Amino acid sequence: MKQDLRQIKQKLFQIYYQNLNDKQKEAVFLVKGPLLVIAGAGSGKTTVLVNRISHLIEFGNAYYSQKEISASAEEIAVLRNFCDHPEICTREILKPILLSFADDACPAYHILAITFTNKAAGEMKERLRKQLGDRADEIWAGTFHSVCVRLLRQFASYTQYGSNFLIYDQEDCKRIIAAKMKEMEIDTPELTAKYVMNQISNAKNALLSPKEYESKVQNSSKGKVVAEIFKSYQEALLDANAMDFDDLIAETVKLLRDNSEPLTWCQHKFRYLLVDEYQDTNRAQYQLLKLIAQGHGNIMAVGDDDQSIYKFRGAAVENILNFDQNFADTKVVFLEQNYRSTKNIIEAANAVIAHNETRRGKKLWCAQENGQKVMLRNLEDQEKEAIYIAEHISEAVMRGKHRYKDFAVLYRTRAQSNALETIFTKSGVPHRLLAGMRFYEHAEVKDIIAYLRAIACPDNLACLLRVINVPKRGLGETAIKKATDLAEAQGKSFFEIICDCTSYRELSRNSSSFLAFTKLILSLREYAEDHLPSEIVHEVIDKSGYMDTLLGDENEERRKNVNELISSARFYEERSEAPNLEGFLEEIALVSDVDNYDRESDAVVLMTIHAAKGLEFPVVFLPGVEENLFPSAQSVMRLSDLEEERRLFYVAMTRAKEELYISFCKRRLLFGKTNSNRVSRFVEELPDAYVDAEYIASKERSLSDGYYFGQSDFQEFAMPRFSQAKGSNFSQFRQKDVSFQRAGSSSVTAAATPPTSKKSEVFRPGERVTHRIFGDGTILSAKSYGSDTLYEIRFDKAGEKKLMATYANLQKAK
DNA sequence: ATGGGGCTGCTTTTT
DNA sequence: GCAGCCCCAT
């Protein structure tokens, strides 16, 4: 009987979550102990995370609980009846019953959910709020960095830092490193600030202190120099009471590793851990999770080893590959059903990623129809490629098949966006370029923020130095050097010294400039005491003289960005209970970008593949799929790098829901040089069965100079693009590609012989014709354009169109 | 102290 | 092809 009741309980939970598939349910029900969820692209992992959290809060371990359940025979009969008739079970009916099975339900404030982006955290909170109401706000949901900041401020007394420490971004850090290197007179050309910064970041990810790092690199002269820079860099940060992004994690690990009180606090506070995008965690982040999960072991990691594309930033794929070794008694659930894409796309992506050796091994499947094959296209150069994409989009929009916002163009490097943007603008295709530059990285924005920081903490040298001569106040390098030297010698802060500059003979020459600056900062600080952040920004621009640098037509973009900053301050003020400058600065330190991807606006999206991770689009274009570009030239030397490129390609492919267009060029202008690259090896890995390799090499008649009309005409001259598909299969395409390689760049066009396009038949007004895409129609007019003819045709279904005869490929209607 | 001119060197970047 | 850096002339 008991056994029976347990089965009934489980069956009822199965019904309650009938919108999830079996694997997803498994990931929701297995709440105790370590769980690894390998979630393929488009497999509904956010749904799983959200449902798991609300399940934890409402039912705890109810599903697998061995807890005694008491029920009368009557009650059991009722429940059994529900089991037999799932169709009558609404969630409202089931919920009170299931609540009576709850075991060890977990209050929301005992749950820690970690994501990688603020956006992901926001989306998760949003969905949780829908399911749980206000309770959702008690969940600790945030990025690794924001969670660490919270802990570090709370337990600052255990660290070397004050609780109001600053967070330096990469640019701040690079400046400091570059300055230190200059100071140390390092002139080894291969030791760039960038390289050193990377080394230091790696060391911090490996939780090495400057000292430990030094002893590790004893037998490398380069390493020894880096160790020196690392040491003085770390001292500079500590002096300024500042941490870089890597410190936020590493310092938290140290805090919990070396102090039992904060550790115990965390372990009691966070009874359940959930980590999203686990494949992107680094070694320090793993250590952090390990520390917190120690004891209860309730950690759930969701991720996809095949989508690990941030190794260059320190992500350790091993974390997800070895999760079951790192956490004892791990259960693993594979989410392999893809709800996003059609079969051809999924199968093609599966085939490509199967070439990777270092992976768990997973095969996506989908219940959707085959859909269109993956379209492959070869073009002359990046401009023709961009025109091809623009045209295709225009035509599809014109035919009413898609809207602009259904399209995404994803590329490997940002440099590729130029050609695309230019052509899109010329041809009137509405588009938005994503992440051109991150908002908070614009110099004008950073300048103003530095002012704000200088106001909030006038003893912070870096902020003062950034703004002391912006706009120009006649305080150059030498004047500043004198003041910093004095500060050091006197054991006073830089700000104190320059306030008191009349007392020092060395500073007398610049004393009026120094005083003007200190007066400015002091008055701004006074102003800040009783004004809102947005007002302070205004005041800063007004009183500092920064306004002058924003005037004029050429500075429109800068003005826009400053206004954007003011808007974000206002936005912060609206949401915050007690808005103040410190709060605003805290918020923007960990938010790199105003999330400006507006799904609603009807425009084609252009972005890097990295930026597209996690997103999906009905139609995806992947331009520039060529050797040396994708995979990038630097990545082909090492297998692990090449495999990361393949994962990137896999991520790109799996963004597409319905249609995927891959293209590559015969010639490509990159870094001011024209190259001829072979088609990417990844394309060769696509099985013929899923690919439509229409190969219209130099038959870019449509793309020849004569074709390209101005903005408004452009969309009118539609033409079928895939009319030559018959008879050109993929293998054939490969052969042609080889011959092109041998021919060299001079005879590119010659080697790539187009399929012969026979001269079109001539039609007269009134005649019935058939078009491959638009179907049957009647010719309205025929005008001669040089050697070609422009038809006006009224199609029965597609409406009136203007088409050029040679491109339209019209047939006499039957 | 500052601005212009030549030189280099270049992926990807959730925080 | 262009941005960011360094050096030199003002």
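Everything numeric here is computed off the predicted structure, so don't read it as measured data. The sequence lines fix the lettering, A, B, ..., with proteins before strands; numbering per chain opens at 1. What you see below is based on every heavy atom in this structure, not just the backbone, and it leaves out hydrogens, waters and symmetry mates.
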For the backbone of [Y] and the side chain of [X], can you confirm whether one donor and one acceptor N or O come within less than 3.5 Å of each other?
X: N356(A); Y: T358(A); result: no
X: E645(A); Y: D641(A); result: no
X: R340(A); Y: S43(A); result: no

Expressed as a whole number of angstroms, how long is the span from [X]:[atom1] to [N]:[atom2]?
X: L629(A); N: dT11(B); atom1: CG; atom2: C1'; answer: 9 Å
X: H442(A); N: dG4(C); atom1: NE2; atom2: P; answer: 11 Å
X: L410(A); N: dT11(B); atom1: CG; atom2: C1'; answer: 16 Å
X: E171(A); N: dT13(B); atom1: CD; atom2: C1'; answer: 14 Å
X: R175(A); N: dG4(C); atom1: CZ; atom2: C1'; answer: 11 Å
X: H610(A); N: dT13(B); atom1: NE2; atom2: P; answer: 7 Å

Notebook entry, point to check: Would you call F312(A) stacked on dT12(B), i.e. ring centres under 5.5 Å apart with the planes less than 30° off parallel?
Noted result: yes
Reckon [X] has a side-chain N or O less than 4.0 Å from the OP1 or OP2 of [N]?
X: N469(A); N: dT2(B); answer: yes
X: R414(A); N: dC10(B); answer: no
X: T478(A); N: dA1(B); answer: yes
X: N118(A); N: dT15(B); answer: yes

Categorize [X] for me: base, sugar-phosphate, or nothing, with a 4.0 angstrom heavy-atom threshold over every strand shown.
X: T608(A); answer: sugar-phosphate
X: E277(A); answer: nothing
X: E477(A); answer: sugar-phosphate
X: G672(A); answer: base
X: K472(A); answer: sugar-phosphate

From the options [options], select the nucleotide whose nearest atom is closest to the side chain of [X].
X: S635(A); options: dT13(B), dT15(B), dT11(B); result: dT11(B)
X: T143(A); options: dT12(B), dG1(C), dT15(B); result: dT15(B)
X: T413(A); options: dT11(B), dA1(B), dT13(B); result: dT11(B)
X: A479(A); options: dT15(B), dT12(B), dA1(B); result: dA1(B)

Notebook entry, point to check: Are D276(A) and T115(A) linked by a side-chain donor-acceptor pair shorter than 3.5 Å?
Noted result: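 No pair is found: no donor N or O on one side chain lies under 3.5 Å from an acceptor on the other.
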Margin query: Both Y310(A) and K194(A) contact DNA chain B. Which one's nearest nucleotide lies toward the 5' end?
Written below: K194(A)
Note to self: Roughly how many Å apart are dT11(B) and dC6(C), using the C1' atom of each and rounding to a whole number?
What the structure shows: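 After rounding to an integer number of Å, I get 25 Å for this pair.
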Checklist line | Rounded distance in Å between the C1' positions of dC5(C) and dT12(B) | finding: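 Looking at atom C1' only, dC5(C) and dT12(B) are 23 Å apart.
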Item checked: Torsion-based syn/anti label for dT12(B), 90° from 0 as limit ->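 Anti for dT12(B); the angle lies over 90° from 0.
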Notebook entry, point to check: Relative to the ring of F649(A), is the ring of F630(A) parallel (under 30°), tilted (30 to 60°) or perpendicular (over 60°)?
Noted result: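 Because their plane-to-plane angle is over 60°, the rings of F630(A) and F649(A) count as perpendicular.
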Check: Are the side chains of E444(A) and E557(A) in touch, meaning some heavy atoms are under 4.5 Å apart?
Finding: no
